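Quick notes on the structure that follows.
Heavy atoms only: backbone and side chains are in, while hydrogens, waters and symmetry mates are out. Keep in mind it's a predicted model, so treat the numbers as computed, not measured. Note that ligands are numbered from 1 as they come in the structure, with each ligand's atoms numbered from 1 the same way.
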Amino acid sequence: METALIACHAEQMDDALWQARFPEVQVLIDSATLQARVRELGEQIARDYGADNPPLLVGVLKGSLVFLADLMRCMPIPISYDFVAISSYGVETRTSGVVRLLKDLDTSIAGRHVLVVEDILDTGLTLSYLMELLRTRNPASLKVCTLLRKPSRQKVAVPVDYCGFDIPDQFVVGYGLDYAERYRNLPFIGILAGIESEVK
Ligand code: IMP
Ligand code: MG
């Protein structure tokens, strides 16, 4: 029993198997492509900062959890991480324009190199709010790494230092991203049929 369970977790399930169970989701970035790009990003970030100036990774809950977990394991330098939780959306997919800090950092960032890790840059409202807030705390440096970016949707300019993929203006789920708290555990990024990012 135990052994079977461990074997099941150790083996990556095929995207095709997941797709069969979630037919409403169409694969946009498959898990192999995703993993290869995350690896590239992690190695590049580790090289850029170096072992002497490792960044504090600040993950934005909950969406960035899966990305952050994979990313830091491709960074062979001493890494610490912390989380903030920010809300700009309810259970809906439309941005309300209202950004709230739900959970602050546990640690001080004064004098530290901070790398904010985000799942997706959509309108930019969430990140611009967070960057302004963190800047007031005098970090040694403040950069952004986002897995996904929807360039056509951006309302507020947010300089991005590391970006995994630019994607079209479609609502995506998986690899941490949700729709009403569902689909976060899909190992790929998929498009959810029938969901509009925002009413135009
Ligand atoms: P922004 O403030 O409009 O840039 O929105 C950023 C946040 O909205 C992200 O951190 C996500 O949590 C959420 N979001 C934006 N687009 C999507 C999407 O296509 N799928 C899932 N969540 C999204
Ligand atoms: Mg998010």
Side-chain angles (χ1 to χ4, degrees), residues 15 18-19 22-31 33-34 37-38 41 57-72 81-105 114-135 142-200:
D15 286 359
W18 285 84
Q19 268 253 273
F22 299 91
E24 68 278 28
V25 182
Q26 181 204 330
V27 178
L28 178 68
I29 306 167
D30 64 49
S31 53
T33 309
L34 207 48
R37 182 68 183 127
V38 170
L41 279 176
L57 303 183
V58 171
V60 184
L61 289 173
K62 303 175 194 169
S64 72
L65 178 96
V66 180
F67 177 42
L68 188 142
D70 282 349
L71 185 72
M72 69 180 175
Y81 63 89
D82 201 347
F83 290 104
V84 291
I86 288 172
S87 164
S88 62
Y89 290 64
V91 291
E92 307 220 353
T93 60
R94 297 171 204 178
T95 179
S96 61
V98 179
V99 179
R100 283 187 305 146
L101 185 68
L102 304 177
K103 184 219 167 287
D104 205 339
L105 292 169
V114 173
L115 180 64
V116 173
V117 178
E118 179 58 306
D119 52 1
I120 186 165
L121 183 66
D122 187 23
T123 62
L125 286 166
T126 308
L127 263 186
S128 74
Y129 166 84
L130 179 63
M131 296 302 275
E132 238 167 75
L133 179 75
L134 296 183
R135 209 166 281 124
L142 184 58
K143 291 187 174 181
V144 172
C145 174
T146 185
L147 177 66
L148 307 172
R149 176 170 56 186
K150 291 181 194 166
S152 64
R153 294 255 311 152
Q154 219 157 313
K155 287 184 184 156
V156 189
V158 181
V160 168
D161 302 278
Y162 303 95
C163 176
F165 303 89
D166 280 322
I167 60 166
D169 175 12
Q170 268 165 316
F171 195 80
V172 289
V173 295
Y175 203 68
L177 290 136
D178 75 308
Y179 175 63
E181 296 302 325
R182 293 189 61 203
Y183 306 110
R184 291 195 195 274
N185 59 323
L186 304 191
F188 54 81
I189 299 287
I191 296 166
L192 190 55
I195 304 293
E196 289 280 322
S197 276
E198 189 182 43
V199 175
K200 304 275 171 348

Q: Heavy-atom contacts with Asp178 under 4.0 Å: which atoms of ligand 1 show up? List them by number with element.
A: 21 (C)

Q) Within a radius of less than 6.0 Å around CZ of Phe83, do more than 12 heavy atoms belonging to other residues, nucleotides or ligands occur? A) yes

Q | Donor-acceptor under 3.5 Å (Lys155 side chain, Gly124 main chain) | A | no

Q. What are the atoms of ligand 1, with element, lying closer than 4.0 Å to any heavy atom of Leu125?
A. 2 (O), 4 (O)

Q) Closest heavy-atom contact between Ser152 and Asp169? A) OG-CB, 3.4 Å

Q: State the atoms of ligand 1, each with its element, that fall below the 4.0 Å cut-off from a heavy-atom position in Lys150.
A: 16 (N), 17 (C), 18 (C), 19 (O)

Q) Against heavy atoms of Thr126, which atoms of ligand 1 measure under 4.0 Å? A) 1 (P), 2 (O), 5 (O), 6 (C)

Q: Report yes if some N/O of Val172 lies less than 3.5 Å from some N/O of ligand 1; otherwise report no.
A: yes

Q.
Between ligand 1 and Val60, can you find any atom pair, the residue atom being a heavy atom, that is separated by under 4.0 Å?
A. no

Q) Is it true that a side-chain atom of Asp82 and a backbone atom of Val58 form a donor plus acceptor pair closer than 3.5 Å? A) no

(Q) I want to know if ligand 1 touches Gly124 in the polar sense, i.e. an N/O pair below 3.5 angstrom. (A) yes

Q) Is it the side chain, the backbone, both or neither of Leu177 that has a heavy atom closer than 4.0 Å to ligand 1? A) side chain

Q: Please work out which of Thr123, Asp119, Leu148 has its closest non-hydrogen atom nearest to atom 10 (O) of ligand 1.
A: Asp119

(Q) So if I count the atoms of ligand 1 from 1 in the order they appear, which ones are less than 4.0 Å from some heavy atom of Glu118? (A) 10 (O)

Q: Say whether, by atom type as modelled, one donor and one acceptor occur between the side chain of Asp166 and the main chain of Pro151 under 3.5 angstrom.
A: no

Q: Please state whether Arg153 comes within less than 4.0 angstrom of ligand 1, counting heavy atoms only.
A: no

Q) Looking only at atom types and distance, does a side-chain atom of Arg100 sit under 3.5 Å from a main-chain N or O of Ala85, one as donor and one as acceptor? A) no

Q. If you look at every heavy atom in Asp119 and Gly63, which pair is closest and at what distance?
A. OD2-CA, 3.1 Å

(Q) When you measure from the side chain of Ser64 to the backbone of Val60, do you find a donor-acceptor pair of N or O atoms at a distance under 3.5 Å? (A) yes

